[in-house]
Undergrad: 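Right, I'll just put the structure down here and ask away after.
Just so it is clear, the structure is predicted and the values come from calculations on it, not from any experiment.
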Amino acid sequence: MSEFRFDAPLFQVPNGSWVFAEVPFAVADEVDELTSGRQGGFGSVRVEVTLGPTTWRTSLFPDKGRRTFVLPVKRAVRTAAGVDAGDTVRVALRLVDV
């Protein structure tokens, strides 16, 4: 199993309601290498994530502008952890199907 732990800043998409965590470059490079040829639509990577008290399954998505993967963090997860855009969060991430 491929697991990672890292701190990531949360950011909100301009003119939108989506909030994402930016995956550190070193982690993103390793995820890209481990999942090469097995990525889903739009280059997505299936993951299981723990942030605060919440664990859920979602996907990482490549962000060409940021040159890394981003992790969508829904409102319920942010509320449970007491965080929002502008905060830095501790993330535990496990690759699914690798």
Side-chain angles (χ1 to χ4, degrees):
M1 255 189 285
S2 298
E3 297 183 14
F4 306 91
R5 292 186 186 277
F6 55 87
D7 293 327
L10 295 178
F11 69 94
Q12 188 166 5
V13 175
N15 300 318
S17 60
W18 286 96
V19 173
F20 295 90
E22 183 175 315
V23 177
F25 294 131
V27 174
D29 287 346
E30 193 168 345
V31 167
D32 193 41
E33 185 177 305
L34 289 169
T35 61
S36 181
R38 292 186 302 259
Q39 295 174 353
F42 305 105
S44 64
V45 176
R46 291 178 31 138
V47 294
E48 182 177 272
V49 181
T50 300
L51 191 160
T54 307
T55 299
W56 78 103
R57 286 199 173 188
T58 186
S59 294
L60 298 178
F61 297 94
D63 184 318
K64 291 184 194 270
R66 292 177 181 271
R67 301 173 55 109
T68 188
F69 284 99
V70 294
L71 167 70
V73 182
K74 58 188 174 182
R75 181 185 311 268
V77 172
R78 298 190 317 268
T79 299
V83 298
D84 211 343
D87 294 331
T88 297
V89 296
R90 184 74 174 160
V91 175
L93 181 144
R94 182 177 67 84
L95 298 179
V96 177
D97 302 332
V98 174

Undergrad: Mark yes or no: R66 above the aromatic ring of F11, with NZ or CZ under 6.0 Å from the six-membered ring centre and no more than 45 degrees from the axis.
TA: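 That pair qualifies as a cation-pi contact.
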Undergrad: How long is the gap from CG on L71 to CG on L10, to the nearest 0.5 Å?
TA: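 Output value for this atom pair is 8.5 Å.
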Undergrad: CG of L60 to CG of D32: how many Å apart, nearest 0.5 Å?
TA: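 Reported to 0.5 Å precision, the distance equals 10.5 Å.
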Undergrad: Considering non-hydrogen atoms only, spot the tightest contact between G52 and A81 and give its length.
TA: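 In this case the closest contact between G52 and A81 is CA-CB, 4.3 Å.
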Undergrad: Could you walk me through whether V31 and F4 pass side-chain contact (heavy atoms from CB on, under 4.5 Å), step by step?
TA: CA-CA 9 Å; V31 167; F4 306 91; 3.9 Å; yes
Undergrad: Looking at every non-hydrogen atom in both residues, tell me the closest pair between E48 and V96 and how far apart they are.
TA: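 Scanning both residues completely, I find the closest heavy atoms to be N-CG2, 3.6 Å.
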Undergrad: For a quick test of reading the model, state the closest non-hydrogen atom pair linking P62 to G43 and the distance between them.
TA: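 The answer is CD-O, 3.5 Å.
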Undergrad: What is the distance from atom CZ of R46 to atom CZ of R94, rounded to the nearest 0.5 Å?
TA: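 R46 CZ to R94 CZ: 10.0 Å, rounded to 0.5 Å.
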Undergrad: Please examine the side chains of W56 and L51, heavy atoms only from C-beta on, and report whether any two atoms are closer than 4.5 Å.
TA: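 In short, these two side chains touch, coming nearer than 4.5 Å.
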Undergrad: So how far is it from E22 CD to F69 CZ, rounded to the nearest 0.5 Å?
TA: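 Here the rounded value is 13.0 Å.
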Undergrad: Could you see if V19 belongs to whatever hydrophobic cluster contains V23? Use Ile, Leu, Val, Met, Phe, Trp, Tyr and a side-chain cutoff under 4.5 Å.
TA: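 Result: yes, single cluster for both.
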Undergrad: Mind listing the closest non-hydrogen atom pair of S2 and L34 along with its distance?
TA: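 The pair with the smallest heavy-atom distance is OG-CD1, 3.5 Å.
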Undergrad: Do you know which two heavy atoms are closest between P24 and F6, and how far apart they sit?
TA: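 Scanning both residues completely, I find the closest heavy atoms to be CD-CD1, 3.3 Å.
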Undergrad: Heavy atoms, side chains only, cut-off 4.5 Å: are V27 and L93 in contact?
TA: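 The answer is no; the side chains never approach within 4.5 Å.
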Undergrad: Looking only at heavy atoms, what is the nearest atom pair of R38 and D97, with distance?
TA: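 In this case the closest contact between R38 and D97 is NE-O, 4.3 Å.
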Undergrad: What do you reckon, is CZ of R75 surrounded by more than 12 foreign heavy atoms closer than 6.0 Å?
TA: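 Check fails, neighbour count at 12 or below.
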Undergrad: With a 4.5 Å cut-off on side-chain heavy-atom distances among I, L, V, M, F, W and Y, is there a chain of contacts connecting V77 to V49?
TA: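 Same cluster.
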Undergrad: D29 side chain to A26 main-chain N or O, any donor-acceptor pair under 3.5 Å?
TA: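 No, the answer is negative, given that no donor and acceptor are paired below the 3.5 Å cut-off.
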